[in-house]
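All values below were derived from every heavy atom in this structure, side-chain atoms included, with hydrogens, water molecules and symmetry-related copies excluded. Naming convention: chains lettered A, B, ... in sequence-line order (proteins, then strands); numbering from 1 in each chain.
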Amino acid sequence: MRTGSRPSSDLARLLGGPVLDAARGLLGVHLVRDDGVEARIARIVEVEAYGGPDDLASHARFGPTARNGSMFGSPGKAYVYGVYGMHTCLNIVCGPVGTARAILVRAVEPLAGVPAMREARHAKALATRRAERDAPGRAATRIATIPVMRLASGPGNVGAAFSIVRADDGCDLLDPAGMLRLEAQPGADPLPASASGPRIGVGFAGAWAERPWRFWVADSAAVSGRRGR
DNA sequence: CTACCGATCCCCT
DNA sequence: GGGGATCGGTAGA
């Protein structure tokens with residue numbers, strides 16, 4: 001056993017296994033955006049598991065389409081989608097290949113690069129037409145006062161704080177040299193205490209919406225919504 | 001605190 | 001043409 005970061009092969013094994021185990025196991029893993037300016041690093045504290053075509057809440061429920069193609073790829077790849085016209089969300093594809101299982105990253109706790117995260121959220125806010133109508137500096141003031149633990153709370157905010165764009169769709173999150181990547185933490189660290197509950201925003205999926213496929217770190221202030229249940 | 005509502009656009013059933 | 005794996009502002013209790 002080596003010290004320091006768990007070998008990425010461990011992460012690959014995790015993502016290749018059952019999707020619920022993978023979702024639970026991703027809690028505590030680090031998400032990194034390292035574009036050579038100021039590295040952004042955060043700890044994953046809330047995720048949701050999505051099954052393949054059988055799961056009526058999953059984007060895979062209609063089979064492969066132009067949007068969800070990367071879901072049908074190999075574990076460890078990113079599945080990035082846009083929703084509501086303005087938000088971009090990050091998923092981690094799980095195995096086996098072709099099963100179209102994925103894990104949505106719903107919240108992370110910033111560990112490094114907080115100024116870069118604020119800058120990214122500001123840039124994203126300014127890209128909307130609403131910003132043009134607002135008083136000058138309104139977005140800047142709002143974002144400057146967001147508590148650190150709220151900067152990347154909620155899937156849309158994770159996307160904004162980490163500058164996730166559709167171009168990231170399909171990238172290899174297990175590549176140690178990738179600009180957007182996952183980094184497992186030392187295996188000696190125990191998995192954080194977690195809780196689970198129904199997935200958010202999938203009421204259209206009937207009974208599938210009730211399955212407790214959302215997982216979060218029990219005591220994290222970065223968890224979105226009403227802190228669990 | 002809860003509840004509603006508009007934003008904004010890609011992809012689809 | 002409709003709707004969405006969301007967010008933040010506003011109104012009211």
Problem - R214(A) side chain to S196(A) side chain, donor-acceptor N/O pair below 3.5 angstrom - result: no

Fill in the blank from the handout: Judged by nearest nucleotide, the residue sitting upstream toward the 5' end of DNA chain B, A127(A) or N68(A), is A127(A)

Practice task
Check the distance between dG3(C)'s C1' and F62(A)'s CZ and give it to me in whole angstrom.
Solution key: 11 Å

Exercise for the section: Send over the distance from K124(A) NZ to dT6(C) P, rounded to a whole Å. Expected result: 14 Å

Exercise for the section: Assign Y50(A) to base, sugar-phosphate, or nothing according to its heavy-atom contacts below 4.0 angstrom with the strands shown. Expected result: base

Handout entry: Length of the line joining M86(A):CE and dG9(C):P, which is rounded to integer Å
Key = 13 Å

Exercise for the section: Quick one: label A66(A) by what it contacts on the DNA or RNA (base, sugar-phosphate, nothing), any heavy atom closer than 4.0 Å. Expected result: sugar-phosphate

Handout entry: Under 4.0 angstrom between R121(A) side-chain N/O and dG8(C) OP1 or OP2
Key = yes

Exercise for the section: Could you tell me whether G82(A) contacts a base, only the sugar-phosphate backbone, or nothing, with contacts defined as non-hydrogen atoms closer than 4.0 Å? Expected result: nothing

Completion exercise
Rounded to whole Å, NE2 of H59(A) lies from P of dG4(C) at a distance of 10 Å

Fill in the blank from the handout: From the candidates dT8(B), dG8(C), dC12(B), the one with an atom nearest any side-chain atom of T65(A) is dC12(B)

Exercise for the section: Please tell me which of the listed nucleotides, dT8(B), dG9(C), dC12(B), lies nearest to the side chain of R67(A)? Expected result: dC12(B)

Problem - Sidechain-backbone polar pair: R199(A) side chain, W208(A) backbone, donor-acceptor under 3.5 Å - result: yes

Exercise for the section: When you get a sec, tell me which of dT8(B), dA5(C), dT13(B) is the closest nucleotide to the side chain of Y81(A)? Expected result: dA5(C)

Handout entry: Residue closer to the 5' end of DNA chain B, R133(A) versus R166(A) (nearest nucleotide)
Key = R133(A)

Exercise for the section: Kindly say whether the aromatic ring centers of Y50(A) and H59(A) come within a distance under 6.0 Å. Expected result: no

Exercise for the section: Would you mind classifying the nucleic acid contact of G85(A) as base, sugar-phosphate or nothing, using non-hydrogen atoms under 4.0 angstrom? Expected result: base

Practice task
Using atom CD of E132(A) as one end and atom P of dA7(B) as the other, report the distance to the nearest whole Å.
Solution key: 14 Å

Exercise for the section: Give N157(A) one of three labels, base, sugar-phosphate or nothing, depending on what nucleic acid heavy atoms sit under 4.0 Å from its own. Expected result: sugar-phosphate

Exercise for the section: To the nearest Å, give me how far apart NE2 (H87(A)) and P (dA7(B)) are. Expected result: 13 Å

Handout entry: Minimum-distance nucleotide (side-chain atoms of R61(A) versus dG8(C), dT8(B), dT13(B))
Key = dT13(B)

Practice task
Among dT13(B), dC7(C), dA7(B), find the nucleotide with the atom closest to the side chain of R130(A).
Solution key: dA7(B)

Exercise for the section: Kindly state whether the pair Y84(A) / dA7(B) counts as stacked, where counting means centroids closer than 5.5 Å and planes tilted less than 30° apart. Expected result: no

Practice task
Tell me which nucleotide among dC7(C), dT6(C), dT8(B) gets nearest to the side chain of R129(A).
Solution key: dT8(B)

Exercise for the section: Verify whether one side chain among S220(A) and E109(A) offers a donor that lies under 3.5 Å from an acceptor in the other. Expected result: yes

Problem - Base paired to dT8(B) (Watson-Crick or G-U; both N/O distances under 3.5 angstrom) - result: none

Handout entry: Of R138(A) and S153(A), the one whose closest DNA chain C nucleotide lies more 5'
Key = S153(A)

Practice task
Measure the distance from CH2 on W213(A) to C1' on dA5(C) and round it to the nearest whole Å.
Solution key: 14 Å

Handout entry: Length of the line joining R106(A):CZ and dT6(C):C1', which is rounded to integer Å
Key = 9 Å

Practice task
Scan every strand shown for a Watson-Crick or G-U wobble partner of dG12(C), both distances under 3.5 Å, and answer none if you come up empty.
Solution key: dC1(B)

Practice task
State whether R121(A) and E119(A) are salt-bridged, where the test is any N-O pair (Lys NZ or Arg NE/NH1/NH2 against Asp/Glu carboxylate O) under 4.0 Å.
Solution key: no

Handout entry: Residue among R33(A), R40(A), K124(A) satisfying side chain to side chain donor-acceptor pair (under 3.5 Å) with S163(A)
Key = R40(A)

